[in-house]
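To start, the structure itself, in structure tokens.
Whatever order the structure lists ligands and atoms in, that order sets their numbers, starting from 1. Heads up: numbering here begins at 1 and tracks the sequence.
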Amino acid sequence: MAVTRSSRLAGWLAAAGTAAARVVLAAVGALAVAALPASAQTTLTIQHPLPLNSHYGAGASAFKDAFERLTDGRYRVVVQRNDNEREMMESLQIGTLDFSVSSTGPVGNFVPESKNLDVPFLFRDTAHARGVLDGDIGNEILAAFERRGLTGVIWLENGFRHLTNSRRPVVTPDDIKGLKIRTMENQVHMRAFETLGALPTPMTFSEIITALQQGTVDGQENPITVIVSNNLDQVQKYLSLTGHVYSPAVLVAAPATVARFSAADRAAMIEAARAAQTANRDRVSADEATGVAELRRRGMSVVTDIDRAKFEAALAPAYAVYAKELDGNLIARIRAAAPSQ
Ligand code: EAX
């Protein structure tokens, strides 16, 4: 059908009409949503262990904004801090919490398959890690959550972990000997530090600052983004860029919460989770680009020339145990995997 002037005018009017109609409809919709009695709105909670102004906060807020938008305000998502990741997993299993963002730290105690991701020096770099987690291997491990009374929604990122301490600069594996190191409640990590001659002390993130201040432990290990956003420079003098292990994070849902969702709401949850992943990873990349300089500016003494091969060699006894206790085939597939595009 050719476009004529009078019809164009008619068209413009129709378009104007449509545009006006669309504005009215949107306004009515917004009013309708705003007018939704609180009772019609379901409140859901997402918890994570770090400050709101962090890579986890960025992910959780992006999830909240997207899910509320995609479900037309029928849901309100409350973001809370809970720096006990194990407790969050338990709450998801019993349905007293809806969503969480956490590292895989204590997750291996609930989903043993995720322990394979916690092996030191397993991932070559961030692209390799993201490629594995966004691919078949990542999906296989997420599927394993279902068998443990949890719903693994999407992989997020904590980052490569580095060692800090208040006693001495750590350059070689020998320098770690005898240091009391706070670790997450993660047997894979604890075995690595034991093998290097350190004294690993597992504790939740909530206990870390006091333990460092009181000298219960000499050091700890975390990604740059966590060290910066929690001001660990105030209780630690030395930072060694060991990058000794990649720390995945994961958005997990309570199966009971997901079971109450319609198919459309589940689709909204997945789309919101993708928004969370993008916001989280972008924040990690940004913090990693500026964090070391920032920590130096705050007075930390930074060791950059870490001999990775020396640390891997010193960990050989631990790798032998991992080969028996973990899934050697899966670990080999991860090592062989291509980086993300
Ligand atoms: O997930 O406990 C830790 O060291 C974690 O890196 C922190 O809670 C973020």
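- Scanning for salt bridge (Lys or Arg N to Asp or Glu O under 4.0 Å) contacts around E157 gives R130, with sequence neighbours left out.
- Between V79 and H48 the shortest side-chain heavy-atom distance falls below 4.5 Å.
- Note that the NZ atom of K64 and the OG1 atom of T45 stand 10.0 Å from one another [nearest 0.5 Å].
- For the ring pair (Phe, Tyr, Trp, His ring centres under 6.0 Å) with H244, the lone residue among F193, F311, F123 that qualifies is F193.
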Chi angles and distances behind the side-chain contact (heavy atoms from CB on, under 4.5 Å) call for Y56, N280: CA-CA 6 Å; Y56 285 5; N280 158 259; 4.2 Å; yes
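- Between A254 and G95, the shortest heavy-atom contact is CB-CA, 4.5 Å.
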Ligand 1 N/O to protein N/O, distances under 3.5 Å:
{"from": "ligand 1", "atom 1": "1 (O)", "to": "Y56", "atom 2": "OH", "distance (Å)": "2.8"}
{"from": "ligand 1", "atom 1": "1 (O)", "to": "E85", "atom 2": "OE2", "distance (Å)": "2.6"}
{"from": "ligand 1", "atom 1": "2 (O)", "to": "R182", "atom 2": "NH2", "distance (Å)": "2.9"}
{"from": "ligand 1", "atom 1": "4 (O)", "to": "R161", "atom 2": "NH2", "distance (Å)": "2.9"}
{"from": "ligand 1", "atom 1": "4 (O)", "to": "R182", "atom 2": "NH1", "distance (Å)": "2.7"}
{"from": "ligand 1", "atom 1": "4 (O)", "to": "N222", "atom 2": "OD1", "distance (Å)": "3.2"}
{"from": "ligand 1", "atom 1": "4 (O)", "to": "N222", "atom 2": "ND2", "distance (Å)": "2.9"}
{"from": "ligand 1", "atom 1": "6 (O)", "to": "N158", "atom 2": "ND2", "distance (Å)": "3.0"}
{"from": "ligand 1", "atom 1": "6 (O)", "to": "R161", "atom 2": "NH1", "distance (Å)": "3.1"}
{"from": "ligand 1", "atom 1": "6 (O)", "to": "N222", "atom 2": "OD1", "distance (Å)": "2.6"}
{"from": "ligand 1", "atom 1": "8 (O)", "to": "E85", "atom 2": "OE2", "distance (Å)": "3.3"}

